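Structure record follows, encoded as structure tokens.
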Amino acid sequence: MEIQDLTTVVLAVVVAIVGIIAGYVVGGRRSVGALLKKQQDEGQSALLEASEDAKQILDNAEAEKAAILANADSDAQRRVSEAETKISRRRRDLSDEDERIQRRRKDLDNRMERLEQRDQQLNKRQSRLDRKENDLKKSEAIMVERLEVIAQMTIDEARQQLLDSIELDARNDMARIIRQVEAEARETADQRARSLIAMAIQRLASEQVNEISVSVVHLPSDDMKGRIIGRNGRNIRSFELATGVDVVVDDSPESVTISSFDPVRREVAKRTMAKLVVDGRIHPARIEKLVEDTRAEVEQIVREEGERAAYETGIHGLHTEVLKLLGQLKFRTSYGQNQHAHAIETAHIAGMIAMELGADVNIAKAGGLLHDIGKAIDHSVEGTHALIGAEFVKRYGGKDAVVNCVAAHHHEVEKECVEAFIVEAADAISGARPGARRESLDSYIRRVKQLEEIANTFDGVDQSYALQAGREVRIIVRPEVVDDYASIQLARDIAKRIENDMQYPGQIKVHVIRETRRVEYAK
């Protein structure tokens, strides 16, 4: 601050000197003496004013210095006061914390005293219990001694006598059962021998049956088998109920087997299982959804196969329902021969014979293509497949000659045209070629169909499926009609009906399933 004031004084002196020189230059014509005197007077005045300004500046600097010192003292006192306040507050907090610690320590001491008292009480109770246990053991020993005296035998002797008595009774029962079994064996020896022979023959022919009644689905790994079975068999049970097939999960590496006499069901099940394996999400709701989608897919295949058969044989103008039924023959076999391929083959053979004999080629081809169309619905309509097929073709606008070819190819009606003879001959040629058919399959189909028909005749039956090559029939009943007790009686009645009406090797398992489902929607 003092340096700044001194600079101001110096500037004032310089200004005065500059003024004197300027006055000297301007008043050049004045006398030098008068001009100098005047400039001296002005310089002295300027010096006096500068001195007074410097003094004033010094006074101001002293006042500011005193004010700054006073402010510093007050700020220091304020900070000291705040620090003392914080220290006193912290001391109070420490004192409160110490009091709390002291109280907690007293509480812990009291709790330890109570625990010690409780431990002493438990020790006293344990001592009393030990004394009572010793007294009971002594009493038990005394009672055992008294019982041995009364019975005049030891514990080991009594145990041995009881075992001897039980063994004697068991030997008597075993001898009686053996005699009964031997008597029954002598009475049913012939019948049992015939059943064993029939079962052996059936097993010997299993290779032919497996070729058309079993499908194998390959898996990416054996771990997938556990997911297919599900928790407590939930997934595989839902799959079998939804598709009506039997799923065999055995030791075959990375594969499961699907078995069913109905090829349509088997195809739906095979495609559904393949989709589940690829998708990986296997649970009952997903299974039901994929089964519905696969059924729609198979229906589309049926339509396409019907159209393909008509296109390959050159038969045009067939009704949509006829084509649909014709496509269902893709999944139908007779004596081991695929009926869709058999129908196309018969149509070609009949057309060639008709051309050589000069008959109507179109009538012969149409009769050959449709001659076995009744086999697609013979399981749901009464009558032979020839008459059923003829009635169906007639209903949807078939020509009279074609209808006669279909109805007469098994001599059930009289042949009215030469094309009917040609169709019968073509059918025989297609079915008689080496390796075309196997009679065992047709018998098997009839047996499993008869199983389902017998089950469906009982009240309360919703669905029935023949499984395990006709060795098991699975029956689903309506829970609102058949209760648990009625389901037991129903299984017995169906088993008796099968025994009376059918001839079969071995035994047939009747499996009645009653399941209740409730569905609600949260809105």
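Here the structure is a predicted model, which means the values were calculated and not measured.
For the residue pair Arg114 and Gln117, no side-chain donor N or O sits within less than 3.5 Å of a side-chain acceptor on the partner. For Asp493 and Gln489, the side-chain atoms include at least one donor-acceptor pair closer than 3.5 Å. Defined by atom type and a distance below 3.5 Å, a donor-acceptor pair is present between the side-chain atoms of Gln300 and Glu304.
Between Glu321 and Leu325, every side-chain heavy-atom pair lies at or beyond the 4.5 Å cut-off. Counting only heavy atoms from C-beta outward, the side chains of Leu318 and Leu370 approach each other to under 4.5 Å. Contact annotation: the side chain of Arg91 approaches that of Ile87 to within less than 4.5 Å [non-hydrogen atoms, C-beta and beyond]. A 4.5 Å side-chain heavy-atom check between Asp462 and Val481 finds every atom pair outside the cut-off. Between Leu467 and His511 there is no side-chain heavy-atom pair separated by less than 4.5 Å. Proximity of Met273 to Ile228: side-chain heavy atoms (C-beta onward) are separated by under 4.5 Å at one or more points. Inter-residue side-chain proximity for Glu267 and Ile301 is flagged as unmet; no heavy-atom pair is nearer than 4.5 Å. A heavy-atom distance below 4.5 Å is found between the side chains of Glu297 and Lys275.
Interatomic distance, Arg286 CZ to Asn235 CG, rounded to the nearest 0.5 Å: 13.0 Å. Distance CZ/Arg104 to NZ/Lys106: 14.5 Å, rounded to 0.5 Å. With rounding to the nearest 0.5 Å, the separation of CG in Leu323 from CD1 in Ile315 is 11.0 Å. Taking NZ of Lys270 as the reference point, atom OG1 of Thr243 lies at 14.5 Å (rounded to 0.5 Å). We find the CG-OG distance between Leu219 and Ser221 to be 7.5 Å, quoted to the nearest 0.5 Å. The structure places CZ of Phe239 at 5.5 Å from OG1 of Thr272, a figure rounded to the nearest 0.5 Å.
Residues Asn456 and Val461 come closest through the heavy atom pair OD1-CG1, 3.9 Å. The nearest pair of heavy atoms linking Leu326 to Gly306 is CD2-O, 4.0 Å. The two residues Ala309 and His340 have their closest heavy-atom pair at CB-NE2, 3.6 Å.
A salt bridge links Arg78 to Glu82: one of the charged nitrogens lies within less than 4.0 Å of a carboxylate oxygen. Taking 4.0 Å as the cut-off between side-chain N and carboxylate O, Lys449 and Glu453 do not count as a salt-bridged pair. Between Asp96 and Arg92 no salt bridge is recorded (no basic side-chain N to carboxylate O distance below 4.0 Å). Comment: Asp107 does not engage Arg111 in a salt bridge, judged by the lack of any side-chain N to carboxylate O separation of less than 4.0 angstrom. Note on Glu133 versus Lys137: salt bridge recorded, some NZ/NE/NH1/NH2 to OD/OE distance being below 4.0 Å. With salt bridges taken as basic N to acidic carboxylate O contacts below 4.0 Å, one links Arg308 and Glu305. Of the charged side-chain nitrogens involved, none lies within less than 4.0 Å of a carboxylate oxygen, so that Glu307 and Arg303 do not count as a salt-bridged pair.
Taking a 6.0 Å sphere around CG of Asn232, one finds it holds 12 or fewer heavy atoms contributed by other residues, nucleotides or ligands. The number of heavy atoms from other shown groups lying within 6.0 Å of CZ (Arg478) is above 12. Within a 6.0 Å sphere centred on CG of Asp135, heavy atoms belonging to other residues, nucleotides or ligands number more than 12. Within 6.0 Å of CD in Glu140 there are 12 or fewer heavy atoms belonging to other residues, nucleotides or ligands.
Checking side-chain atoms of Asp119 against main-chain N and O of Leu115 turns up no donor-acceptor pair under 3.5 Å. With Ser238 contributing its side chain and Arg234 its backbone, the two residues share a donor-acceptor pair below 3.5 Å. Under the 3.5 Å distance criterion, the side-chain polar atoms of Asn134 are matched with a main-chain donor or acceptor of Asp130. Remark: side-chain polar atoms of Glu472 are not paired, donor with acceptor, to backbone N or O of Lys509 under 3.5 angstrom.
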Chi angles and distances behind the side-chain contact (heavy atoms from CB on, under 4.5 Å) call for Asp156, Arg159: CA-CA 5 Å; Asp156 294 336; Arg159 184 183 296 110; 3.0 Å; yes

Worked check of side-chain contact (heavy atoms from CB on, under 4.5 Å) between Glu240 and Tyr465: CA-CA 10 Å; Glu240 290 178 345; Tyr465 303 107; over 6 Å; no

Derivation and outcome, side-chain contact (heavy atoms from CB on, under 4.5 Å), residues Val512 and Val482: CA-CA 11 Å; Val512 176; Val482 181; 5.9 Å; no

Steps toward side-chain contact (heavy atoms from CB on, under 4.5 Å) verdict (Val302, Lys324): CA-CA 6 Å; Val302 166; Lys324 181 179 178 181; 4.3 Å; yes

